[in-house]
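Everything on this sheet refers to the single structure shown next.
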There are 2 protein chains.
Amino acid sequence: MTRTDPADSTRAGDSGTPSDSRTWTIAQVADEFAITHRTVRHYEELNLISPERRGTVRIYHRRERTRLNLILRGKRLGFPLEEIRTIIDLYDEPTGQASQLRYVLDQIHDRRGNLERRRRDVEDALNELDEFERRCQSHLRQLAQQPGSLST
Amino acid sequence: MTRTDPADSTRAGDSGTPSDSRTWTIAQVADEFAITHRTVRHYEELNLISPERRGTVRIYHRRERTRLNLILRGKRLGFPLEEIRTIIDLYDEPTGQASQLRYVLDQIHDRRGNLERRRRDVEDALNELDEFERRCQSHLRQLAQQPGSLST
DNA sequence: AGGATGCTTTACGTTTACGTCAACGTCAAG
DNA sequence: CTTGACGTTGACGTAAACGTAAAGCATCCT
């Protein structure tokens, strides 16, 4: 029950412990993120993460954990993995040239449109749900005040 | 380009034209909702919609359009079709018994939790996107004020 | 009459996102 | 040294959500 939530902030500002060198095994990340080894490797196959290799074994750094957080949130939001990859790749690109930066800004614009529609969809769904609940509850109250209610 | 948006309100209050009897063919609904025949029939196979049958041909009523709106929004939010089915089925159940109503209210509770987390996820993603855009733009301004900028 | 169109069913193909073995390497503990 | 525990690479399986013919009716148009 005491699950250490792997909520990394995207930027590390903790200079007290220069803990940016911590590493994790595949079992540890799979466990903390509540996914399987297979899933972790699958994300690697799709180039969503790229852990270090010590010989043949995979070593996961903070960077991979940050990416996994973004991946899983993207999944919760229903994005396909390929799309998620392009998004999180966007987040840590060199951004050297101005043309490149403008391209990135374009992408950001598209992403925002996408996310804003999702937000509207969520809001609408929640509002409908609320209204429906009100109707159900008023109906339930009516039933409670009528005969034949055996408090089933 | 002049696409009639099939934005039905869930409840019909338009008593001027008792247009609740309009019907559509599969081609019409597929076209208006920008999906294929196959998709429409697929939703029928999964009991997400159940159009009338005139002989062998399918006739779609307002009810099907309402459901299609809910289905497509559910898809945009990343819900699997089976889950969508249980949700929209919930919305038009008999709700006869009190026990049934309580069950429905329970389901509503679960759904709301789910949707609220999605909302948080969307908000977080939007906030990160905004911050990232600000960084990109400030970076772009720096580039514009330095030599070597050939306005690529 | 004879296409051309539109709708139908049947059925196999495809993509995504993993699940599930199988078979093998490796390293510390008994 | 061998037994686990943990890791690795294939490679095939699967469920969801359609795509994509293929082949058959029905009707409408000229």
Side-chain angles (χ1 to χ4, degrees), chain A residues 4 6 22-61 64-65 67-89 114 118 121, chain B residues 4 6 22-61 64-65 67-89 114 118 121:
Chain A
T4 305
R22 273 178 301 177
T23 63
W24 290 266
T25 74
I26 193 172
Q28 286 168 336
V29 298
D31 204 55
E32 291 185 36
F33 286 89
I35 55 183
T36 68
H37 298 53
R38 181 64 179 91
T39 301
V40 177
R41 280 193 285 262
H42 183 56
Y43 295 162
E44 184 180 350
E45 286 174 23
L46 299 186
N47 294 317
L48 285 157
I49 50 181
S50 34
E52 186 199 343
R53 291 299 184 117
R54 197 103 70 198
T56 173
V57 75
R58 278 166 254 249
I59 309 284
Y60 296 84
H61 295 255
E64 274 65 49
R65 291 167 50 99
R67 290 198 143 221
L68 273 172
N69 271 311
L70 291 174
I71 293 166
L72 295 182
R73 190 181 65 194
K75 280 205 57 188
R76 287 197 300 273
L77 293 177
F79 292 109
L81 291 180
E82 277 296 329
E83 196 172 344
I84 293 175
R85 186 175 57 77
T86 72
I87 299 169
I88 66 183
D89 277 355
N114 195 315
R118 264 159 210 272
D121 283 335
Chain B
T4 305
R22 274 180 300 178
T23 63
W24 291 265
T25 74
I26 194 172
Q28 286 169 335
V29 297
D31 204 56
E32 291 185 34
F33 285 89
I35 55 183
T36 67
H37 298 52
R38 180 66 178 94
T39 300
V40 177
R41 282 193 282 263
H42 183 57
Y43 294 162
E44 184 180 348
E45 287 174 20
L46 300 186
N47 295 317
L48 284 157
I49 50 181
S50 35
E52 185 198 342
R53 290 298 184 119
R54 196 103 69 198
T56 174
V57 74
R58 277 167 256 248
I59 309 284
Y60 295 85
H61 296 256
E64 272 67 47
R65 291 166 51 98
R67 290 199 145 221
L68 273 173
N69 271 312
L70 291 174
I71 293 166
L72 294 184
R73 190 180 67 194
K75 280 206 58 187
R76 286 197 300 274
L77 293 177
F79 292 109
L81 291 180
E82 276 297 328
E83 198 172 343
I84 293 175
R85 186 175 57 78
T86 72
I87 299 168
I88 66 183
D89 278 354
N114 197 316
R118 264 159 211 270
D121 283 336

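The model shown is predicted, which means the values in this text are computed figures rather than measured ones. Every chain is numbered from 1 and lettered A, B, ... according to where its sequence line falls, protein lines coming before strand lines.
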Under the side-chain hydrogen bond (donor to acceptor under 3.5 Å, both in side chains) test, residues paired with B:E44 that sit two or more places apart
B:R53, B:R58
Say whether, by atom type as modelled, one donor and one acceptor occur between the side chain of A:E64 and the main chain of A:H61 under 3.5 angstrom.
yes
Is A:E83 salt-bridged to A:R85, cutoff N-O under 4.0 Å?
no
Both conditions, 6.0 Å and 45 degrees, for the charged tip of A:R22 above the ring of A:Y60: are they met here?
no
Could you tell me the separation between the CD atom of A:E44 and the P atom of D:dG10, rounded to a whole number of Å?
12 Å
With a 4.0 Å cut-off, would you call A:D121 and B:R76 a salt bridge?
yes
Integer-rounded Å distance: D:dT8 P and A:R54 CZ:
13 Å
Taking N or O atoms only and anything under 3.5 Å, show me the protein contacts with nucleotides 14-18 of chain D, one pair per line.
{"from": "D:dA17", "atom 1": "OP1", "to": "B:L81", "atom 2": "N", "distance (Å)": "2.7"}
{"from": "D:dC18", "atom 1": "OP1", "to": "B:K75", "atom 2": "NZ", "distance (Å)": "3.0"}
{"from": "D:dC18", "atom 1": "OP2", "to": "B:Y43", "atom 2": "OH", "distance (Å)": "2.9"}
{"from": "D:dC18", "atom 1": "OP2", "to": "B:K75", "atom 2": "NZ", "distance (Å)": "3.0"}

Is the shortest side-chain N to carboxylate O distance from A:R67 to A:D89 below 4.0 Å?
yes
Taking the side chain as every heavy atom from C-beta outward, state whether A:L46 and A:E82 have any pair of such atoms under 4.5 Å apart.
yes
Heavy atoms only, 4.0 Å cut-off, all strands: where does A:R53 land among base, sugar-phosphate and nothing?
sugar-phosphate
Which atoms form the tightest heavy-atom contact between B:P51 and B:I59, and what is the distance?
CB-O, 3.3 Å
Could you go over nucleotides 5-7 of chain C and give all protein N or O partners under 3.5 Å, atom names and distances?
{"from": "C:dC7", "atom 1": "OP1", "to": "B:T25", "atom 2": "OG1", "distance (Å)": "3.3"}

Using whole Å, what does the distance between atom C1' of nucleotide C:dT26 and atom CD1 of A:I59 come to?
13 Å
